[in-house]
Structure formats: C-alpha cells, structure tokens
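Worksheet: the structure to be examined is printed underneath.
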Amino acid sequence: MAVAAILMVFGVFVLYRGVRSALSLRALRREGSHVTGTVTGHQRRGSGARSAIVTYVDEHGADRQITSPLSSSWPIGAGKAVTVRYRPGDPDSSRIDDRMENLGHLVLTAAVGIGFPVAGAVLAVKGHW
C-alpha cells in the first residue's frame, strides 16, 4: 500500500507543478514582455540528450541567456528564432515560449502526472504493496 500511495502522491505533485508552470506561462503571456531570441547552442545532459540554450536581449539592451528545462535527443535547432517571455526587470522569470517546447512539457507532465496515480491505484486495487 505504501508504494501505491507514493506513486499517487508523486503523480499529483507532478500535475500540480505542471498546472503551476502553465499558469505561470499564461501570466507571462498576458503581463510580461516578449522578445525574439535565438538558439545559440545546446547543453548536453548526462543521458546524452541536449537542452537548447537561447540568447536574447532584454528591455535594457543587456544580453541574456536561458537554458530550456527540457532536454531531448532532438532539441530546438541551433539558429532557430524562438519567443522568450519575461517580466521586465526580472530576468530570472524568462521562459522559452515555443510550441514544441510547450507541447513536450505538457505531454511529459500529463504522462507522469496521470500515469503514476493510475499505476498506484492499480497496485492498491490488486493488493500489491
């Protein structure tokens, strides 16, 4: 029963974080600034996957850089223009607003956030602890 409960709690936590992230991006779209950034490179992760590194210029003309929190074996291509959204004066709030980036995050969050509680419920019902 403990494993089932842990799976369910973890899944709910992932869903919570996913909804919070989506609401944050929605608020940035509504209230934040947006600029066009360029994918200038990729950061290699331990698994061999890569995350896009995007460079953009903020409202004060300062060069900024953001690394995608998502990594994959087929990241956003170098040289591609992407939208970056952020709160003026708060470069830490910057997010890449790219359709594939957002779709990947949504699919991953939904799969984990729904899959783990379902697996936990199946274990609980079948009596596997």
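The two residues M8 and P117 make their nearest non-hydrogen contact at CG-O, 3.7 Å. Taking both residues in full, the closest heavy atoms of T67 and S51 are given as CG2-CB, 3.9 Å, listed atom of the first, atom of the second, then distance. Closest heavy-atom contact between A4 and G120: CB-O, 3.1 Å.
Heavy-atom contacts from other residues, nucleotides or ligands closer than 6.0 Å to CZ of R29 number more than 12. The number of heavy atoms from other shown groups lying within 6.0 Å of CZ (R26) does not exceed 12.
Connection of F116 to V3 is established within a shared hydrophobic cluster, with ILVMFWY side chains joined at heavy-atom distances below 4.5 Å, either directly or through further cluster members. Hydrophobic clustering (side-chain heavy atoms under 4.5 Å, transitive across Ile, Leu, Val, Met, Phe, Trp, Tyr) keeps V84 apart from L28.
With E31 contributing its side chain and R87 its backbone, the two residues share no donor-acceptor pair below 3.5 Å. In this structure, the side chain of R95 does not engage the main chain of S24 through any donor-acceptor pair within 3.5 Å.
With sequence neighbours excluded, no residue satisfies side-chain hydrogen bond (donor to acceptor under 3.5 Å, both in side chains) with R44.
Within the 4.5 Å cutoff, the side chain of T40 has no heavy atoms near those of the V54 side chain. When side chains are defined from C-beta on, L25 counts as touching D97, because their heavy atoms get closer than 4.5 Å. The shortest distance between side-chain heavy atoms of F10 and V112 falls below 4.5 Å. Side-chain atoms of S33 and Y86, non-hydrogen and from C-beta on, do get closer than 4.5 Å to each other. Counting heavy atoms from C-beta outward, V14 and T109 have side chains that approach closer than 4.5 Å.
Using modelled atom types, one finds no donor on one side chain facing an acceptor on the other under 3.5 Å when comparing T55 with T38. With no hydrogens or angles considered, no side-chain donor-acceptor pair links Q65 and Y56 at under 3.5 Å.
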Could you go step by step and tell me if R50 and Q43 meet the side-chain contact (heavy atoms from CB on, under 4.5 Å) rule? CA-CA 5 Å; R50 298 172 294 162; Q43 179 181 38; over 6 Å; no
Take I66 and I96 through the side-chain contact (heavy atoms from CB on, under 4.5 Å) test and state the conclusion after the steps. CA-CA 8 Å; I66 181 174; I96 298 169; 4.0 Å; yes
Can you list the steps and then say if L123 with L7 is a side-chain contact (heavy atoms from CB on, under 4.5 Å)? CA-CA 9 Å; L123 286 176; L7 290 174; 3.6 Å; yes
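Atom OG of residue S94 and atom CZ of residue R85 lie 12.5 Å apart, to the nearest 0.5 angstrom.
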